[in-house]
Amino acid sequence: MSRKKIIIANWKSNPDSPGRAAALAKKIESGILKSKHVEVVIAPPSPFLIPVSAVLKKAKLGAQDVFWDDIGPHTGEVSWHQLKHLSVSFCIVGHSERRIRGETDDMINKKVRSLLEHGITPILCIGERERVGNEIPTVVEEQLHDALRGVKRSFIKNLVVTYEPVWAISTTVSARADTPDNAFRARVYIQKILVNRFGSEAKKVRIIYGGSVHARNIGGFLREGKMDGALVGGASLHAEEFITLVRNAAAIQR
Ligand code: PGA
């Protein structure tokens with residue numbers, strides 16, 4: 001089954017001004033090609049969604065978080081409804097940097113369901129904090145089950161799952177590089193859980209990799225790791241590096 005590859009720039013809380021955000025997005029736009037094989041998403045901090053959106057032509061717009069309910073008395077929250085007005089088509093959910101600050105599986109589940117029901121693609125992040133040995137820890141299965149509780153089978157193909165082991169994220173203290181082989185095992189593990197739960201329709205779910213991905217290692221994760229793309233943090237803040245990463249991803253035929 002052929003799934004379109006997807007490369008997502010997760011800018012986290014960077015850069016520091018709307019002007020710099022627009023300039024970075026513009027630079028990335030000028031270097032990427034419109035491709036049938038690779039979709040590019042840029043996810044800036046929410047105050048910069050509008051200036052970034054104004055310069056995007058080939059890349060799509062992503063948010064880094066969402067509130068599951070409609071507009072109303074939810075101080076500080078940004079609703080799916082407001083994201084839709086800004087033409088946001090993707091939204092990261094359950095990133096480990098949010099889980100660590102108190103986002104629970106229940107909140108993640110509400111966000112995933114709300115996004116799917118309102119036509120925004122959730123980029124659901126799962127992954128263990130620590131790794132001992134070769135086996136994918138069962139916490140990955142638990143996070144997946146909890147996030148997808150009550151999700152209707154008809155929506156499942158619109159999901160993107162990111163396997164992002166926390167120990168491989170570039171800003172984790174003593175981060176260590178992951179291998180395409182581990183990524184492949186995670187891919188098989190996650191797809192099996194999805195297919196058991198939702199049937200063969202779940203083979204359409206894109207399963208991508210996150211954790212210190214850059215222009216030189218993307219090939220291994222896509223080719224040997226059989227991942228459908230990547231969630232890219234640090235390397236997405238450097239236009240040249242990110243453009244090369246996208247081009248390298250586009251060059252891989254599967
Ligand atoms: P990194 O971040 O590419 O800098 O490791 C990835 C992420 O946390 O989404």
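Every heavy atom of this structure was used, including side-chain atoms; hydrogens, water molecules and symmetry mates were not. A quick note: this is a predicted structure, and the numbers were derived from the prediction, not measured. Note that ligands are numbered from 1 as they come in the structure, with each ligand's atoms numbered from 1 the same way. All residue numbers in this chain count up from 1 along the given sequence.
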Have R131 and N182 got a donor and an acceptor in their side chains that come within less than 3.5 Å?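 Short answer, yes.
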Pairing donors with acceptors under 3.5 angstrom, does anything connect the side chains of E128 and Y163?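 Yes, Y163 and E128 have a side-chain donor paired with an acceptor closer than 3.5 Å.
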Non-neighbouring partners of K111 that pass side chain to side chain donor-acceptor pair (under 3.5 Å), sequence neighbours left out: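 Listed in chain order: D65, E103.
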Looking at E201 and R153, is any side-chain nitrogen of the basic one under 4.0 Å from a carboxylate oxygen of the acidic one?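 Looking at R153 and E201, the cut-off is not met.
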Hey, what polar pairs (N/O, under 3.5 Å) does ligand 1 make with protein?
from     : atom 1 : to   : atom 2 : distance (Å)
ligand 1 : 2 (O)  : K12  : NZ     : 3.3
ligand 1 : 3 (O)  : G233 : N      : 2.9
ligand 1 : 4 (O)  : S170 : OG     : 2.5
ligand 1 : 4 (O)  : G234 : N      : 2.9
ligand 1 : 5 (O)  : S170 : N      : 2.7
ligand 1 : 5 (O)  : S170 : OG     : 3.4
ligand 1 : 5 (O)  : S212 : N      : 2.7
ligand 1 : 8 (O)  : K12  : NZ     : 2.7
ligand 1 : 8 (O)  : H95  : NE2    : 2.8
ligand 1 : 9 (O)  : N10  : ND2    : 3.2
ligand 1 : 9 (O)  : H95  : NE2    : 3.1
ligand 1 : 9 (O)  : E164 : OE2    : 2.9

Using atom types as modelled and distance alone, determine if a side-chain donor or acceptor of E29 lies under 3.5 Å from a backbone N or O of K58.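 Present.
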Answer yes or no for R129 and W167: cation-pi contact, defined as NZ/CZ to six-membered ring centre under 6.0 Å and angle to ring axis within 45°.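 No, R129 and W167 do not form such a contact.
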